[in-house]
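Below, chain A is the first sequence line, B the second, and so on; all start at residue 1.
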Protein chains: 2
Amino acid sequence: MSERIPETETGQDQSGGLRQRKRRENHNRIAATGLKLFIDNGFEATTLDMIAEAAGISRRTFFHYFKSKEEVLLARETRDFPDALRNGMMKMRHHVAPWPAAIECLLTLASRYETRDSFAIDRLLRSTAALRARKCAFYEELEQVLGEAMDELWPAPEQQAAHRVIAMAAIGVLRLALDDWRRESAMYPVAHYLQNNLSVIESQF
Amino acid sequence: MSERIPETETGQDQSGGLRQRKRRENHNRIAATGLKLFIDNGFEATTLDMIAEAAGISRRTFFHYFKSKEEVLLARETRDFPDALRNGMMKMRHHVAPWPAAIECLLTLASRYETRDSFAIDRLLRSTAALRARKCAFYEELEQVLGEAMDELWPAPEQQAAHRVIAMAAIGVLRLALDDWRRESAMYPVAHYLQNNLSVIESQF
DNA sequence: TAAAATATTGCACTGAGTGCATAAAAATAC
DNA sequence: GTATTTTTATGCACTCAGTGCAATATTTTA
């Protein structure tokens, strides 16, 4: 097999021993080849055997890296974005109120969605009922994370319901903005659509 | 093709020929026995063979009635509630604004959730990641339906974004209310928790 | 270099879901 | 009534996702 794969990749793969490096390399390679196959052949038409073979591992080993086929598609977004949202929100201590804090946070993070793969991934996420459902669950997770961050920033048990409502509204605006962004084929940056939808919500209540 | 389909709708199973009656009976029986098995043994531990045998049909025939195991669990809610929501909303013509219309509609429909099976079904819907995701998707469908009803009631293309935001907020409040209702083991009717959460949202924006 | 820890693999298995061909049953035509 | 057509039920064989287990290979450590 191939010995050292320098792997400049997006983030550093410099740390740990041989084991950890290999693990990360395998993980990245499986995710990358899997995504490519999904884009080329569709999600359902891509079998685990195809992914395993293309990634140079055995079928059985695949499951030491991902617990399902879906996870290959969702891994990055599902892992990175919630953390980024939480961290981003916790930096908003200077705000006196949750709503403007959440908005500023989302405007900062919106650009994370503007990657070249976004469209292809979203197409895939709409291609089956199970994946569409996962996408919804992902947004619900964001609501959860955002609400909890607010609870930490403005600790007051009687405010938690309000925090959840605000988080729902904020993530709702994000969803609408991303829909618009894709509908208009990324004509403007995501932040632009976010602003548009914000003005809608603020004129309503 | 089928000639007369009297369609008594949700209620009586009196209509149609022998074929239609049998079909409905089988459908109901599979759903009922399936749900019972899910409650008793858990969703994953219940196999299609168990359901088929308990319902007195062959495994293969199961798939002429439901396209997946999940559908057995989701069939009723996913079919009835969206229609009820749409119909309920269309009756709110006398309202001048979407938000109070949606709220009155939800307050009317809330009692639909107060069935004896609600708790058991919800427990099941939380038991696996796939089912949790389906539940989210269900609420998203409600948002969609509600938003479209508003578009029909107050036709104005430039208002559609506002309608979607209002629908998201309304369904969001419903979700929070149902969570509260279950958390407090149905101490008060759903409408009570709905009112509580409404006051939260209306004090925020 | 030896021993312990961890990763990889193959094999056999369960269970969901589908395609296809055939038999049974119901609706319709005669 | 019987013949015909349409719809439904079933069995069989298959693909594919995912898991448990045991054996092998690789990395770490002692």
Side-chain angles (χ1 to χ4, degrees), chain A residues 1-5 13 15-31 33-34 37-38 41-75 124 127-131 133-134, chain B residues 1-6 13 15-30 33-34 37-38 41-75 124 127-131 133-134:
Chain A
M1 298 300 125
S2 55
E3 287 295 306
R4 288 163 300 141
I5 308 176
D13 287 7
S15 62
L18 211 178
R19 227 165 231 174
Q20 298 212 337
R21 204 187 67 229
K22 269 190 161 182
R23 187 153 191 65
R24 233 170 336 195
E25 284 172 4
N26 273 344
H27 195 277
N28 291 341
R29 190 155 26 82
I30 296 170
T33 55
L37 288 170
F38 292 155
N41 314 328
F43 181 76
E44 297 199 296
T46 303
T47 67
L48 290 177
D49 296 83
M50 292 162 72
I51 299 173
E53 197 195 334
I57 54 164
S58 76
R59 204 185 100 83
R60 195 64 189 76
T61 298
F62 171 91
F63 289 103
H64 288 148
Y65 287 89
F66 294 90
K67 67 178 197 299
S68 70
K69 200 167 88 167
E70 276 184 0
E71 216 196 17
V72 176
L73 187 54
L74 302 170
L124 288 166
S127 69
T128 76
L131 289 175
R134 293 294 180 150
Chain B
M1 296 297 130
S2 54
E3 289 294 307
R4 294 160 299 140
I5 309 180
D13 288 9
S15 62
L18 213 178
R19 231 167 226 172
Q20 299 211 338
R21 206 187 64 230
K22 269 192 161 181
R23 191 151 230 314
R24 235 166 338 193
E25 284 172 5
N26 271 346
H27 195 278
N28 291 341
R29 190 155 27 81
I30 296 171
T33 54
L37 288 170
F38 292 154
N41 314 329
F43 181 77
E44 297 200 295
T46 303
T47 67
L48 289 179
D49 296 83
M50 292 163 72
I51 299 174
E53 197 194 334
I57 54 165
S58 75
R59 203 185 100 82
R60 195 65 189 78
T61 298
F62 171 91
F63 289 103
H64 288 148
Y65 287 89
F66 295 90
K67 69 179 194 300
S68 71
K69 201 168 87 167
E70 275 184 1
E71 215 196 17
V72 176
L73 187 54
L74 301 170
L124 288 167
S127 68
T128 75
L131 290 174
R134 292 295 180 150

Protein-nucleotide distance ([X], atom [atom1]; [N], atom [atom2]), rounded to Å:
X       : N      : atom1 : atom2 : value
A:Glu25 : C:dT8  : CD    : P     : 12 Å
A:Ile30 : C:dT8  : CD1   : C1'   : 12 Å
A:Arg24 : C:dT6  : CZ    : C1'   : 16 Å
B:Glu71 : C:dA16 : CD    : C1'   : 14 Å

Q) Can you find a side chain N or O atom of A:Lys22 that sits less than 4.0 Å from OP1 or OP2 on D:dT27? A) yes
[X] versus [Y], closest heavy-atom pair with distance:
X       : Y       : answer
B:Glu71 : B:Tyr65 : OE1-O, 4.3 Å
A:Ile30 : A:Ala55 : CG1-CB, 4.0 Å
A:Phe66 : A:Ala31 : CZ-CB, 4.1 Å

(Q) The side chain of B:Arg19 is closest to which nucleotide in this list: D:dA17, D:dT7, C:dG17? (A) D:dT7
Q: Classify the nucleic acid contact of A:Tyr65 as base, sugar-phosphate or nothing, counting any heavy atom under 4.0 Å across all strands shown.
A: sugar-phosphate
(Q) Heavy-atom nearest nucleotide on DNA chain C for B:Ser68 versus A:Asn26: which residue maps closer to 5'? (A)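 Its nearest nucleotide being more 5', the pick is A:Asn26.
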Q: Starting from the 5' end of DNA chain C, give me the residue, B:His64 or A:His64, whose nearest nucleotide shows up first.
A: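 By nearest-heavy-atom nucleotide position, the 5'-most residue is A:His64.
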Q: Kindly state which residues belonging to residues 46-60 of chain B come within less than 4.0 angstrom of DNA chain C, counting heavy atoms of the residue only, listed by number.
A: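 DNA chain C contact set from residues 46-60 of chain B: B:Thr46, B:Thr47, B:Leu48, B:Arg59, B:Arg60.
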Q. What pairs of residues pass the salt bridge (Lys or Arg N to Asp or Glu O under 4.0 Å) test when at least one of them lies in residues 50-60 of chain B, not counting sequence neighbours?
A.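 Residue pairs with at least one partner in residues 50-60 of chain B: there are none.
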Q: Check the side chains of A:Asn26 and A:Arg23 for a donor-acceptor pair under 3.5 angstrom, ignoring hydrogens and angles.
A: no
What pairs of donor and acceptor atoms, side-chain ones from residues 43-51 of chain B against any protein atom, are under 3.5 angstrom apart with sequence neighbours left out?
{"residue": "B:Thr46", "atom": "OG1", "partner": "B:Leu37", "partner atom": "O", "Å": "3.3"}
{"residue": "B:Thr46", "atom": "OG1", "partner": "B:Gly42", "partner atom": "O", "Å": "2.7"}
{"residue": "B:Thr47", "atom": "OG1", "partner": "B:Met50", "partner atom": "N", "Å": "3.2"}

